[in-house]
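These numbers were taken from a predicted model, which means no experiment stands behind them. Numbers here are sequence positions counted from 1. Scope of the values below: all heavy atoms of this structure, side chains included, with no hydrogens, waters or symmetry mates.
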Amino acid sequence: MKRGLQRVILWLLAVFCLFSCASCKNEEFSEKDSCIVVIEEGENFRAETPVKKVKRGDDVTFKVNVSNGCIITSLNYSDHELENRETYFNVVLHNVRYSTVVSLYTASQTVCYHANG
C-alpha cells in the first residue's frame with residue numbers, strides 16, 4: 001500500500017513537471033515571429049535603447065538623443081516617421097518585417113544671428 005501511494009505521488013509529480021515545463025516555453029512571441037532592429041550609433045547621436053526585439057509586422061519606436069545643432073535628416077528605412085523633440089528625435093519604423101540595422105543621416109543646423117539688424 002505504501003509503495004503504491006509513492007508511485008501515485010511520483011507520477012503526479014512527473015505530470016506536474018511536464019506541464020509546468022511546457023508552459024515555461026511560452027514567451028512573449030516566438031523567435032520566428034520576431035525581428036531584431038538595431039539603430040547604428042553615430043558621432044552626433046545615440047539611441048537610448050539601440051537594439052529592440054519587435055513582433056514581425058509591428059511598429060517600433062526609438063528615442064535618439066542628438067548633439068546641439070544636429071538634426072536627423074533621413075534614414076535607410078523606407079517606411080518611417082521622424083518626430084523632432086528639440087533635444088531628441090523619436091524614430092518610428094513602421095511594419096517591421098525583417099531583422100535590420102538602420103543608419104541615420106544627420107546635418108548640422110546653424111542659426112544665424114544678426115545683431116542690430
Side-chain angles (χ1 to χ4, degrees):
M1 177 79 174
K2 192 175 187 182
R3 207 166 182 87
L5 184 59
Q6 286 177 341
R7 282 188 181 182
V8 169
I9 291 173
L10 188 61
W11 276 104
L12 287 174
L13 186 60
V15 168
F16 176 75
C17 286
L18 283 174
F19 283 113
S20 64
C21 287
S23 66
C24 289
K25 213 173 182 183
N26 202 5
E27 294 178 18
E28 187 178 324
F29 42 87
S30 71
E31 289 296 320
K32 73 177 187 178
D33 292 335
S34 65
C35 303
I36 303 295
V37 181
V38 179
I39 296 286
E40 283 185 330
E41 189 175 312
E43 188 176 317
N44 298 318
F45 61 88
R46 183 184 186 124
E48 284 190 358
T49 309
V51 179
K52 291 190 178 183
K53 184 176 182 180
V54 61
K55 189 173 180 182
R56 191 176 306 277
D58 283 355
D59 297 348
V60 63
T61 301
F62 291 91
K63 181 178 178 181
V64 180
N65 297 311
V66 293
S67 301
N68 283 341
C70 179
I71 59 169
I72 298 173
T73 56
S74 63
L75 51 134
N76 67 344
Y77 189 88
S78 60
D79 192 7
H80 70 274
E81 271 180 67
L82 290 174
E83 300 169 359
N84 188 344
R85 306 286 187 184
E86 298 298 324
T87 59
Y88 69 93
F89 279 76
N90 278 332
V91 177
V92 183
L93 308 178
H94 297 289
N95 195 23
V96 176
R97 295 306 218 173
Y98 305 100
S99 294
T100 188
V101 177
V102 178
S103 298
L104 304 178
Y105 303 100
T106 61
S108 294
Q109 185 178 31
T110 56
V111 177
C112 293
Y113 175 72
H114 299 283
N116 299 325

**Message:** With salt bridge (Lys or Arg N to Asp or Glu O under 4.0 Å) as the rule and sequence neighbours excluded, what pairs involving residues 96-107 come up?
**Reply:** none

**Asked** With clusters built from Ile, Leu, Val, Met, Phe, Trp and Tyr whose side-chain heavy atoms come within less than 4.5 Å, directly or transitively, what are the remaining members of the cluster of Y88, listed by chain and number?
**Response** none

**Message:** So, using salt bridge (Lys or Arg N to Asp or Glu O under 4.0 Å) as the criterion, who are the partners of K52 when residues are at least two apart?
**Reply:** none

**Item:** Main-chain N/O of N95 paired with D59 side-chain donor or acceptor, under 3.5 Å
**Value:** yes

**Item:** Set of residues satisfying side-chain hydrogen bond (donor to acceptor under 3.5 Å, both in side chains) with respect to S103, sequence neighbours excluded
**Value:** E40

**S74: partners by side chain to side chain contact (heavy atoms under 4.5 Å, CB included), with sequence neighbours left out** = Y105

**Request:** Supply the atom-to-atom distance N44 CG to L104 CG, rounded to the nearest 0.5 angstrom.
**Result:** 11.5 Å

**Message:** Under the rule for salt bridge (Lys or Arg N to Asp or Glu O under 4.0 Å), what residues qualify as partners of E41, not counting sequence neighbours?
**Reply:** R46

**Request:** Have a look at L93 and tell me which of L75, T61, V54 forms a side chain to side chain contact (heavy atoms under 4.5 Å, CB included) with it.
**Result:** L75

**Item:** Fellow cluster residues of I36, listed by chain then number, with links counted only when side-chain atoms sit under 4.5 Å apart
**Value:** V38, V51, V101

**Request:** Scan residues 69-79 for pairs that pass salt bridge (Lys or Arg N to Asp or Glu O under 4.0 Å), counting only residues two or more places apart or in two chains.
**Result:** none

**Prompt:** With sequence neighbours left out, what residues match N90 under side-chain hydrogen bond (donor to acceptor under 3.5 Å, both in side chains)?
**Reply:** E83

**Those residues that, when tested against H80, pass side-chain hydrogen bond (donor to acceptor under 3.5 Å, both in side chains) (two or more places apart)** = none

**Asked** Do V92 and V66 share a hydrophobic cluster (ILVMFWY, side-chain heavy atoms under 4.5 Å, transitive)?
**Response** no

**Request:** Applying salt bridge (Lys or Arg N to Asp or Glu O under 4.0 Å), name anything that partners E48, two or more places apart in sequence or on another chain.
**Result:** K63

**Straight-line distance of I72 CD1 to F45 CZ, nearest 0.5 Å** = 6.5 Å

**Asked** Do V64 and I71 belong together in a cluster built from hydrophobic side chains that touch within less than 4.5 Å?
**Response** yes

**Message:** Distance check, rounded to the nearest 0.5 Å: F62 atom CZ versus I39 atom CD1?
**Reply:** 4.5 Å

**Prompt:** Could you give the distance from CZ (R56) to OG (S34), rounded to the nearest 0.5 Å?
**Reply:** 7.0 Å

**Qualifying residues under side-chain hydrogen bond (donor to acceptor under 3.5 Å, both in side chains), relative to N84, sequence neighbours excluded** = none

